[in-house]
Amino acid sequence: AMNSRASWGANEAIRRAQPSMGAVKGVVVHHTAGTNNYTPAQVPAILRGIYAFHVKGRKWNDIAYNALVDKWGRVWEGRYGGLEQPVAGAHTLGYNGHTMGISMMGDYGQSKPSTAALDAIARIIAWKASIHQFTPNGATNLYGRRSPVVVGHRNVGQTTCPGTYLYAKLPWIRSRAAALSGYLPSLTLSRDIDHGGGSDVLALDAAGRLQVLGARWDGTMAAPRTMGAGWSAFDQVLAAGDVDSDGDADILARHAATGRLLLYANTSRGGLARGRVV
């Protein structure tokens, strides 16, 4: 069960922009660092306060987090755009485009999180894993850096967030989420070359340039984007999925004259490593 923005009284008039879509390759766990002494009835007002601070104080477009969890394990929709969508938040500088941000309400440098709240976070992560096809207890590449799929804010920023007690529970959260999701990465090959969230199409044009056509969420394709020239020697180019198991979709290409198959690894920054014969 998830509580909508309307349920906590989000004033859509103060939101500064429409949501931006990214991709969900991982999850960053936060705490709000606010009071732990709140009642169930006070939660909507606390959320409205966080929202107002982020928009009016920080000048961000919206509340930073994609989802928030109170100490009773109730899930609240954060940033506008739909929890099932890959909405880019403002929760972790440099990582917002490829991660989901979940924040537990309270200060968990001071108090231990409740079992209900921990289980709720694990359930959200499991649910998102089933949609976006990632492994909660696995590893991925985030902007060229190898990382666990589920991290604490302190792992990717200069902060003590999400607090000592919540941070210590991340191994349990990863394990619980993996058990709930039942997602086996070996059974699927994501062909998301551009990290847009859908399976993309590759094409070679007459000039020997490699083009990627990104899949959009409405079922259409984006305009072709050139990934490089000099591909005229190849007769087959395929978005092959994550061949080298680093969390990014790679490219296989067959050399027309020799029949050699080359792997071009995705660098996770929209580029390709040098080809190697496989």
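Keep in mind the model is a prediction, meaning the values are calculated, not measured.
The CD1 atom of Ile125 sits 10.0 Å away from atom CG of Leu180, with the distance rounded to the nearest 0.5 Å. With values rounded to the nearest 0.5 angstrom, Ile14 atom CD1 is found 5.0 Å from Lys56 atom NZ. His132 NE2 to His98 NE2: the interatomic distance, rounded to the nearest 0.5 Å, is 12.5 Å.
In this pair, Phe234 and Tyr264 present their aromatic rings perpendicular. The plane angle is above 60°, beyond the 30 to 60° band.
Ion pairing of Arg16 with Asp62 is absent here, as no side-chain N (NZ or NE/NH1/NH2) approaches a carboxylate O to less than 4.0 Å. Salt bridge annotation for Glu12-Arg5: present, with a cationic side-chain nitrogen under 4.0 angstrom from a carboxylate oxygen.
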| task | Any chance you could lay out the side-chain contact (heavy atoms from CB on, under 4.5 Å) test for Leu252 and Leu262, step after step, and finish with the verdict? | result | CA-CA 6 Å; Leu252 288 174; Leu262 283 80; over 6 Å; no

| request: Applying ring-ring contact (aromatic ring centres under 6.0 Å, His included), run through Tyr65 and His54 and close with a yes or a no. | output: CA-CA 10 Å; Tyr65 312 113; His54 286 180; 5.7 Å; yes

| Val43/Tyr38 under side-chain contact (heavy atoms from CB on, under 4.5 Å): CA gap, chis, key distance, verdict | CA-CA 7 Å; Val43 169; Tyr38 56 87; 3.7 Å; yes

| request: Would you please test Asp242 and Asp250 for side-chain contact (heavy atoms from CB on, under 4.5 Å) and show each step? | output: CA-CA 5 Å; Asp242 184 14; Asp250 305 312; 3.7 Å; yes

| task | I would like to know whether Lys128 and Leu83 meet side-chain contact (heavy atoms from CB on, under 4.5 Å); could you show each step before the answer? | result | CA-CA 9 Å; Lys128 289 294 282 186; Leu83 273 172; 5.7 Å; no

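Checked by atom type, the side-chain pair Tyr80/Asn61 shows no donor-acceptor distance below 3.5 Å. Side chain to side chain, Gln211 and Thr226 meet the donor-acceptor criterion of an N or O pair below 3.5 Å. Counting only N and O atoms by type, the side chains of Trp8 and Asn3 include no donor and acceptor under 3.5 Å apart.
Side-chain contact between Arg174 and Pro148 is present, with at least one heavy-atom pair separated by less than 4.5 Å. Contact check for Tyr165 versus Pro113: side-chain heavy atoms found under the 4.5 Å cut-off.
Under the 4.5 Å side-chain heavy-atom criterion for grouping Ile, Leu, Val, Met, Phe, Trp and Tyr, Leu238 is not connected to Val243 through any hydrophobic cluster. The hydrophobic clustering, which links ILVMFWY residues whose side-chain heavy atoms are closer than 4.5 Å, places Ile124 and Trp172 together.
Exactly one of Gln158, His31, His91, His30 qualifies for a side chain to side chain donor-acceptor pair (under 3.5 Å) with His153. That residue is His30.
Nearest heavy-atom pair, Gly73 versus Ala120, reported as atom, atom and distance to 0.1 Å: O-CB, 3.4 Å. Across all non-hydrogen atoms, the minimal contact from Pro44 to Trp76 is CG-CH2, 4.3 Å.
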